[in-house]
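Step one of this worksheet: look at the structure below.
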Amino acid sequence: LGRTGGGERITPIGGTSILGGRASLSGTILGVVLIRLLQNGFTLIGVPSLWQSVVTGILLILVLSLENVDLIRGSRTREIAV
Amino acid sequence: VSAIAFARRGRSKLAILAGLWLSLVVGLVIAAPAILQPFMATTVLQFSTILALVSLGQTMVVLGGGAGIDLSLGGNVSLTSVLAMALVRAGGPTALLPLFCIGIGALLGGVNGFLVTRIRLLPLIATLATLFIYGGLAVALTGGLSISGVPPWLTPLGRGSVSGVPIHFLVIALPTFALGALILTQTAWGRWIYAMGHNERSARLVGVDVDGVRLTLYAVSGLLAGLAALVSLAWFGSARPNIGQNLELDSLAAILLGGVSISGGAGGVGGVLAAVLLIETLKTGLQFVNINSIWQVGIVGALLIVVLLADHLPNRRTS
């Protein structure tokens, strides 16, 4: 499951790798916890509740994409893992 | 697994599903003899079309491998029906409503494909994020309210039936599945899908444009979600922002029951259609004998475990 191109290292907001190199069940559970924490935070800073899941999704893509852009740039010569 | 061995497994899978379906029907008839009416079959098929279309999309994405999965399907169906209706309400020609659904669905699916193949997000994460976005947008844009005003010429598609078979099952679900089977088994494109799902590196080495095919698979999955949205519009006469809820998980259950390998490269659409019918028969039947819908979810889960175990045990003994 975890051996697809480029998606192996996932580093969320704090810069700590929660998946540690490959996708795993514990990583998935941690991700769920992270999203719940985010949504709790949204309520505190006043994001309208209807829009919270939209913001969650956008944030998820933004953060993970930035990390991947970094990865791809850092290892341009690396063959895409299969 | 050789192709022959897999075809044999596919047939035994169909036999297992047929056996389960028969024992389910017998059990239901014993529990409630009144269930034996033609309109029950119509009801099952009426509910099957949307899940069947979405499951076909899920099948395509999962078959293509690379940890492929489309969790955004439910959100896609909701958002597509809401946006297509919004376009019509904003003055778009009503005749184009079916095209709007298909186009928007494919576009939303294409976004998934872009995130997976170009940004290289893990499919699980990319489509989870878009599930949040699509499902969230559908609710946020409408404030949770339905958008009415589906043109009357469309509703026969969603509500009519020909000798007990719902029209949308006849003219949308069955042809789409036939086309899907044809593409997967008879075209080079289908071979590529199985090849890259089975061994992505080999597929790349022999020159398959894996990323291109995969991007298309996500777009096709979205297109099928758009078709499902169209059926829901025709059926309910309005765009409901929560219409797609749980479809992504139901479709996953359907494809796993139907014998598609979650790691890609193995499985076919026949088993998936059989599994969809089994799941919808189960849900409709349990509804009829007044079993709480909370239990239905648990029973579908138990069914999944039973079928996967039945599939897994002989393998373990031989290996």
Side-chain angles (χ1 to χ4, degrees), chain A residues 1-13 17-25 27-36 38-39 42 47-76 78-82, chain B residues 62 64-69 71-72 74-75 78-79 108 111-112 114-145 195-205 208 210-211 214 241-242 245 261-264:
Chain A
L1 191 82
R3 289 167 55 191
T4 49
E8 297 139 317
R9 271 186 64 229
I10 291 128
T11 307
I13 292 133
S17 176
I18 50 165
L19 294 191
R22 33 186 316 153
S24 63
L25 188 61
T28 310
I29 293 167
L30 273 176
V32 171
V33 173
L34 179 76
I35 286 167
R36 287 285 159 247
L38 276 177
Q39 288 179 341
F42 291 155
V47 176
S49 61
L50 279 178
W51 287 91
Q52 282 187 5
S53 62
V54 181
V55 179
T56 305
I58 292 174
L59 214 60
L60 204 57
I61 289 180
L62 276 184
V63 172
L64 298 176
S65 304
L66 286 179
E67 160 69 11
N68 267 15
V69 166
D70 233 32
L71 239 179
I72 293 166
R73 205 173 283 161
S75 57
R76 186 132 286 197
R78 191 190 66 161
E79 200 194 332
I80 291 153
V82 173
Chain B
V62 171
I69 194 168
L71 289 180
S72 75
S78 302
L79 185 58
L108 296 180
V111 170
N112 287 328
F114 175 80
L115 292 173
V116 169
T117 59
R118 301 288 182 268
I119 312 285
R120 304 220 163 270
L121 291 181
L122 206 61
L124 186 78
I125 295 164
T127 58
L128 178 69
T130 51
L131 169 65
F132 277 118
I133 297 177
Y134 299 164
L137 273 178
V139 176
L141 292 174
T142 57
L145 303 173
M196 60 193 251
H198 188 67
N199 188 332
E200 186 167 330
R201 178 181 284 275
S202 310
R204 278 186 202 278
L205 288 176
V208 175
V210 170
D211 285 341
R214 188 162 288 151
N242 64 345
Q245 217 165 35
S261 157
I262 192 68
S263 51

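- Between B:I125 and A:L64, the shortest heavy-atom distance links the atoms CG2-CD1, 2.9 Å.
- Expressed to the nearest 0.5 Å, how far OG1 of A:T56 lies from CG of B:L131 amounts to 11.0 Å.
- Taking CG from B:L137 and CD1 from A:I58, the interatomic distance works out to 7.0 Å, rounded to the nearest 0.5 Å.
- Looking at B:L115, only its side chain comes within 4.5 Å of chain A, counting heavy atoms on both sides.
- When all heavy atoms of B:G136 and A:V54 are compared, the pair lying nearest together is C-CG2, 3.3 Å.
- Taking 4.5 Å as the limit, some side-chain heavy atom of B:I133 sits within range of a side-chain heavy atom of A:I61.
- With a 4.5 Å cut-off on side-chain heavy atoms, A:W51 and B:V139 do not count as touching.
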